[in-house]
Protein chains: 2
Amino acid sequence: MAKTLARSPLAPDAFPDMPVVKGVRFATAAAGVRYAGREDVMLAHLAPGSVVAGVFTRSATRAAPVLDCEAKIGRDSADGAAILVNSGNANAFTGRAGDESVAAVTEAAAAALGLPASRVFTSSTGVIGERLPHGRITARIDELAAALSEDGIAAAARAIMTTDTFPKGAASTVHVNGGDVTIAGIAKGSGMVAPDLGTMLVYVFTDAEMTRADLQALVAAAANRTFNCITVDSDTSTSDTLLMGATGASGITVGPEDTAFATALEDVFRDLAQQVVRDGEGATKFVTVEVTGAASDTDARTHALSIANSPLVKTAIAGEDPNWGRIVMAIGKSGAAADRDRLSIRFGDVPVAEHGWVAETYREEIGAAQMQRPEITIGVDLGLGEGQATIWTCDLTHGYISINADYRS
Amino acid sequence: MAKTLARSPLAPDAFPDMPVVKGVRFATAAAGVRYAGREDVMLAHLAPGSVVAGVFTRSATRAAPVLDCEAKIGRDSADGAAILVNSGNANAFTGRAGDESVAAVTEAAAAALGLPASRVFTSSTGVIGERLPHGRITARIDELAAALSEDGIAAAARAIMTTDTFPKGAASTVHVNGGDVTIAGIAKGSGMVAPDLGTMLVYVFTDAEMTRADLQALVAAAANRTFNCITVDSDTSTSDTLLMGATGASGITVGPEDTAFATALEDVFRDLAQQVVRDGEGATKFVTVEVTGAASDTDARTHALSIANSPLVKTAIAGEDPNWGRIVMAIGKSGAAADRDRLSIRFGDVPVAEHGWVAETYREEIGAAQMQRPEITIGVDLGLGEGQATIWTCDLTHGYISINADYRS
């Protein structure tokens, strides 16, 4: 963990300029949960009248903070809300002690902010199986509450990092119903990192005025098309959390019929999701897998994930090897419908295989040139129906092995 | 492909002394399908009266020889049979040309051996998407037929290797119904190897006298408990094939009630299956995942495969890191039933986690000592029911990445 990793070659040039979202304030602190010399706790406060929505990992061994968030997420309240996140310790697989830590932290934040504890949502990311030293966090709560500022989102993005090599942010301002509404979000995640469970955490805020139910529906739909379409190593964290708050401070009311807002929200989600892939452990290639012509959307997703998660496909990409036979293999093993003689494969716009055999125009040099790009698209058409899916992933490199096998805790 | 790989550190000391199976003869030849300077074709002939059973890959993009074998496998015949296998070219994803190659090879072998083509079973393993140069094989058929010998099984085991680092054989002699019956088998496989699809091929022979239906039932059941319980990298070949022939030459009749024979057969299958794992690409650890207490056997298998295929578990093992949090993660993501607070985990006999938290007696040094062994057992008890499963796998190392990413075809 002490090891400093080089910034991903796929990282954006810089953290974006983030707009202020009225009604949301941030503060960060160096609580020393595990890391020394860096900020490791962030607090976000949402003004009274805000609504909160969220989606969470489907893991059967969910961490204590996730279970707590799930219990709180579906309720209406006019009190506002807070989100408190620490890095360095995941508070996962810590038995009843984990629940006690969540209670201690949420009650301290509630007292400092004048909120009921039921309105304080927490996440923890870092080492698992070790008791969260929650006293280090509660000791800083008053200081955090006093430091809350509308400008703190960039520092918040850094405080939630574990082995991320860059902080992740995305924002959009959209004109809707006669006014401007702002959306701004941050995320962390880069696969799962020794000796921690790396985790994907996402916090998005808007000053739109929305009902909780509308926000939840919008968040769930957009997450399905973005965060649920990325894979680094096929492993699923015990702690993945996406929380979104809408403060209403813009005075602009937004509903399900406002497609411009939904589109902007999905764009912010997709941007953050792709940044997580770009920070995939050891990644040197950003890969888009586009499957069309499947018997159903579900089949298309199954094929796309089988390709994106195949160690042999991912190592071939790492080696810049246009090894399309491995794509055929991954389609064959996925369990979804496929017909060898209707299958076609392309790299970018280059036809590679058609009708169950290599394309007549294909030459190894053409495929190799495609593979040398930092961003690669693998297209597969099953020729069976209208089903389609897109998955974003990265390659599997020596860097991944080094990060996950070479270091000891 | 030209690269010579070092013999796996998990390999057995030597190829075993293999008994003769009466009624089966072998021959090998250097046909130059792809490799120069080594034998790359093997022919096995089974005497008239033999029965043949088989199980095959479930891939939806099965290679031409597999489709041909599947069409032939369920029929009775008194003519005997032949198995012809080449390495160097998988004849997979080769469209109609692939079917033509299978027809050419099976017809040539049938003519040379005085068999109907419907009794010639073929397998091909090696590069995919390239037309099989079948003329190089048919040109050697007469020579192969003339060279058939009862003693050729060790040479056959070598001829079917691709990037295997050692030939694989196992045998057993079992006393049943007043006489001795012999079982001998060979296998190849070590994951999937650039630029080829590595493939698991298994050929087992016995001189027991059996009905085809009895043999098929026995083979399917034993394969489910052995070859279907191993995973190197979760990728599935287009060409996996297991064929077993029973010649009856011992004069000893064996039926489903002869459990000694069934046990001996399963032992030979398990031995060969574990040898495939021991030759897993880049493997430095042989790992047994034992899951008990699951809600069902199916759930136990799902959990065990989730652990065995997790890149994070496999890299932790490669790094000799007793990172049991990753095992919790793999159980959580598997989709099968689990309850955090009933879960226990052990390394070998050492309790690691109990009742949803680290075991009181566990110390990191104890786990680390377990991880330094070349053979590691991960035990998981779900505490939910009677379901159990065992899966054998290996670690994920820089060697795997080097084999699959660093070389170009």
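Protein chains get the first letters and strands the later ones, always in sequence-line order, with residue 1 at the start of each.
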Checklist entry - If you measure from CH2 on B/W357 to CD on A/E130, what distance do you get to the nearest 0.5 Å? => result 10.0 Å
Checklist outcome for this item: side chain to side chain donor-acceptor pair (under 3.5 Å) filter on A/T241, not counting sequence neighbours, yields none
Checklist entry - Looking at A/R62 and B/R340, what are the two nearest heavy atoms and their distance? => result O-NH1, 4.0 Å
Item to check | Note, A/Y400 side chain near B/L312 side chain (heavy atom, < 4.5 Å) | outcome: yes
Checklist entry - Which heavy atom in B/F93 sits nearest to a heavy atom in A/A353, and how many Å separate them? => result CE2-CB, 3.7 Å
Item to check | side chain to side chain contact (heavy atoms under 4.5 Å, CB included) evaluation trace for A/N404 with B/K314 | outcome: CA-CA 9 Å; A/N404 287 300; B/K314 294 167 94 79; over 6 Å; no
Checklist entry - Can you list the residues that meet the side-chain contact (heavy atoms from CB on, under 4.5 Å) rule with B/T61, with sequence neighbours excluded? => result A/V328, A/L343, B/S59, B/T238
Item to check | B/H398, NE2 atom: more than 12 neighbouring heavy atoms under 6.0 Å | outcome: yes
Checklist outcome for this item: Pair count under 4.5 Å, heavy atoms only, with chain B: among A/T94, A/L396, A/I317, highest is A/T94
Checklist entry - Measuring heavy-atom distances to chain A, does B/R131 have an atom under 4.5 Å in its side chain, in its backbone, in both, or in neither? => result both
Item to check | Under 4.5 Å from a heavy atom of chain A, the part of B/T397 involved | outcome: backbone
Checklist entry - Is A/T57 close to B/K333 at the side-chain level, that is, under 4.5 Å between some pair of heavy atoms? => result no
